[in-house]
Amino acid sequence: MPENDSPTVRDRLRGIQVFARPLPGFDPEGAPAEPSALFLEWLTEAVDADVPDPHAMTLSTVDGDGNPDARVLILKNADASGFQFASHAAGPKGTQLAGAPRAALTFYWAEFGRQVRIRGAVVPDTPERSAADFLARGATARAEALLGRQSTRLTDPDAGARALRESLARIEADPGLVDPDWTLYTVVPDSVEFWQAVADRAHVRLRYERGADGWRRGRLWS
Ligand SMILES: Cc1cc2nc3c(=O)[nH]c(=O)nc-3n(C[C@H](O)[C@H](O)[C@H](O)COP(=O)(O)O)c2cc1C
């Protein structure tokens, strides 16, 4: 960017203090053997502290040309077997995952200065569990999914509103209606990194990596 571009923005950004609040400590020596246990600890602390949207995470994928793509999604579940999200298999992220079934997930809980980075293979769940996730969604969310148009161009918002009303009417007439393309995906992690900000900037990082005999973990330079 040229030197004289947006100096006000640059000055304002430089003036923002980062991590200028009380932050929790993190002792990697006391970390559990399984990354899912530490993840659930950190997630629970964020939920209990009323962090806004603590289950929102960035899902990064790669398209057929090798271009990265990323968007925020809601975490549906997490345990030792993986991290789950749900979406339409026919949309961009579903198509990308069908071609390159690996992804990264990134969480950031600003109030705690904590980031978690997860990488791994992505596996679609069974049609039964995907259907159960679909049916647990609100009516409007189900109606939108049934339209199957997410991320396509909306040229006529009125026609879009009409289509949504019609889709809602279908659901009212048949409350058990399931979109067969709705898919619950599991990211099976092979690497999980925990990052804790420290006000003096000697941030603490701990990365777990899955080996043939289980999880290994080690500190990283910050
Ligand atoms: C907080 C938040 C939560 C979201 N949750 C979901 C979700 O669970 N599933 C989903 O498909 N899109 C969700 N979205 C919308 C996605 O970010 C994205 O716009 C949409 O999935 C289309 O992505 P794609 O074109 O890459 O497939 C969410 C957006 C935000 C900001």
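Numbering starts at 1 and runs along the sequence shown. What you see below is based on every heavy atom in this structure, not just the backbone, and it leaves out hydrogens, waters and symmetry mates.
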Trainee: Please report the shortest heavy-atom distance between A197 and L23, naming the atom on each side.
Mentor: O-CD1, 3.6 Å

Trainee: How close do F85 and V122 get, heavy atom to heavy atom, and via which atoms?
Mentor: CZ-CG1, 4.3 Å

Trainee: Using residues 54-62 as the side-chain source, report each donor-acceptor pair under 3.5 Å to any protein atom, sequence neighbours left out, with the distance given to one decimal.
Mentor:
from	atom 1	to	atom 2	distance (Å)
T61	OG1	R71	NH1	2.9
T61	OG1	R71	NH2	3.3
T61	OG1	Q96	OE1	2.5

Trainee: In Å and rounded to the nearest 0.5 Å, what is the CD1 to OG1 distance from I118 to T106?
Mentor: 8.0 Å

Trainee: Can you tell me how far apart OG (S36) and CH2 (W215) are? Round to the nearest 0.5 Å.
Mentor: 8.0 Å

Trainee: Is it the case that the side chain of E209 and the backbone of V192 share a donor-acceptor pair, with hydrogens and angles ignored and the cut-off at 3.5 Å?
Mentor: no

Trainee: Measure the spacing between CG of D174 and CZ of R170 and express it to the nearest 0.5 Å.
Mentor: 8.0 Å

Trainee: Does CZ belonging to R205 count more than 12 external heavy atoms closer than 6.0 Å?
Mentor: yes

Trainee: Tell me which donor-acceptor pairs under 3.5 Å the side chains of residues 155-162 have, and how far apart each pair is, sequence neighbours excluded?
Mentor:
from	atom 1	to	atom 2	distance (Å)
D156	OD1	D158	N	3.0
D156	OD1	A159	N	3.2

Trainee: F19: what forms a ring-ring contact (aromatic ring centres under 6.0 Å, His included) with it, not counting sequence neighbours?
Mentor: W195, H203

Trainee: Name all residues meeting the side chain to side chain contact (heavy atoms under 4.5 Å, CB included) criterion together with D48; count only those two or more places apart in sequence or in a different chain, and write none if there are none.
Mentor: T44

Trainee: Tell me whether D65 contacts the main-chain N or O of N67 through its side chain, where contact means a donor paired with an acceptor under 3.5 Å.
Mentor: no

Trainee: What pair of heavy atoms forms the shortest contact from I171 to A139, and how long is it?
Mentor: CD1-O, 3.7 Å

Trainee: Can the positive tip of R114 be found less than 6.0 Å from the middle of the six-membered ring of W42, inside 45° of the ring normal?
Mentor: yes

Trainee: Give me the atom names and distance for the closest heavy-atom approach of Q150 to P92.
Mentor: O-CD, 4.0 Å

Trainee: Just do the side chain to side chain contact (heavy atoms under 4.5 Å, CB included) check on N77 and F83 with the steps written out, would you?
Mentor: CA-CA 6 Å; N77 197 11; F83 300 82; over 6 Å; no

Trainee: Would you say the rings of F194 and F39 are close, in the sense that their centroids are separated by under 6.0 Å?
Mentor: no

Trainee: Side-chain contact test, heavy atoms from C-beta onward, threshold under 4.5 Å: evaluate it for F134 versus R142 and give yes or no.
Mentor: yes

Trainee: Side-chain heavy atoms under 4.5 angstrom apart, residues restricted to Ile, Leu, Val, Met, Phe, Trp, Tyr: same cluster for Y108 and V72?
Mentor: no

Trainee: Indicate if L40 and F107 have the same hydrophobic cluster label, given that clusters are the connected sets of ILVMFWY residues with side-chain heavy-atom separations under 4.5 angstrom.
Mentor: yes

Trainee: Only counting residues at least two apart or in another chain, list the ones meeting side chain to side chain contact (heavy atoms under 4.5 Å, CB included) with A100.
Mentor: none

Trainee: Is L105 linked to L220 within one hydrophobic cluster, defined over Ile, Leu, Val, Met, Phe, Trp and Tyr using a side-chain heavy-atom separation of less than 4.5 Å?
Mentor: no

Trainee: Show me the donor-acceptor pairs, under 3.5 Å and distance only, between side chains in residues 179-189 and residues at least two apart or in other chains.
Mentor:
from	atom 1	to	atom 2	distance (Å)
D179	OD1	D181	N	2.7
D179	OD2	H88	NE2	2.8
W182	NE1	D133	OD2	2.8
T183	OG1	D181	O	3.0
T186	OG1	Q84	NE2	2.9

Trainee: Within the structure provided, determine whether V178 and L135 are in side-chain contact (heavy-atom separation under 4.5 Å).
Mentor: yes

Trainee: Work out which heavy atom in E111 is nearest to a heavy atom in P52; give both atom names and the distance.
Mentor: OE2-CD, 3.2 Å

Trainee: For a 4.5 angstrom cut-off between non-hydrogen side-chain atoms, does V116 reach E193?
Mentor: no

Trainee: Could you state the interatomic distance from CD1 (I74) to NZ (K76), rounded to the nearest 0.5 Å?
Mentor: 8.5 Å

Trainee: Are the side chain of S167 and the backbone N or O of A163 linked by a donor-acceptor pair below 3.5 Å?
Mentor: no

Trainee: Has D125 got a side-chain atom pairing as donor or acceptor with R129's backbone, closer than 3.5 angstrom?
Mentor: no

Trainee: Kindly check if the number of other-residue, nucleotide or ligand heavy atoms within 6.0 Å of CZ (R102) is above 12?
Mentor: yes

Trainee: When rounded to the nearest 0.5 angstrom, what is the spacing between CG in D27 and CD in Q196?
Mentor: 11.5 Å

Trainee: Run the numbers on W109 and L43 for side chain to side chain contact (heavy atoms under 4.5 Å, CB included), then give the verdict.
Mentor: CA-CA 9 Å; W109 297 299; L43 177 69; 3.8 Å; yes

Trainee: Does the pair L13 and R10 meet the rule for a side chain to side chain contact (heavy atoms under 4.5 Å, CB included), with working shown?
Mentor: CA-CA 5 Å; L13 293 176; R10 183 168 38 228; 5.8 Å; no

Trainee: Is there side-chain contact between Y208 and P32, with at least one heavy-atom pair below 4.5 Å?
Mentor: yes

Trainee: Answer yes or no: are there more than 12 heavy-atom neighbours, outside R21 itself, under 6.0 Å from its atom CZ?
Mentor: yes

Trainee: Minimum heavy-atom separation for G120 and D190, please, with both atom names.
Mentor: CA-OD2, 3.8 Å

Trainee: Please round to the nearest 0.5 Å and tell me the distance separating atom CZ of R210 and atom OG of S191.
Mentor: 10.5 Å

Trainee: Determine whether F26 and L38 satisfy the following criterion, side chain to side chain contact (heavy atoms under 4.5 Å, CB included), listing intermediate values before the conclusion.
Mentor: CA-CA 11 Å; F26 173 40; L38 184 53; 3.9 Å; yes

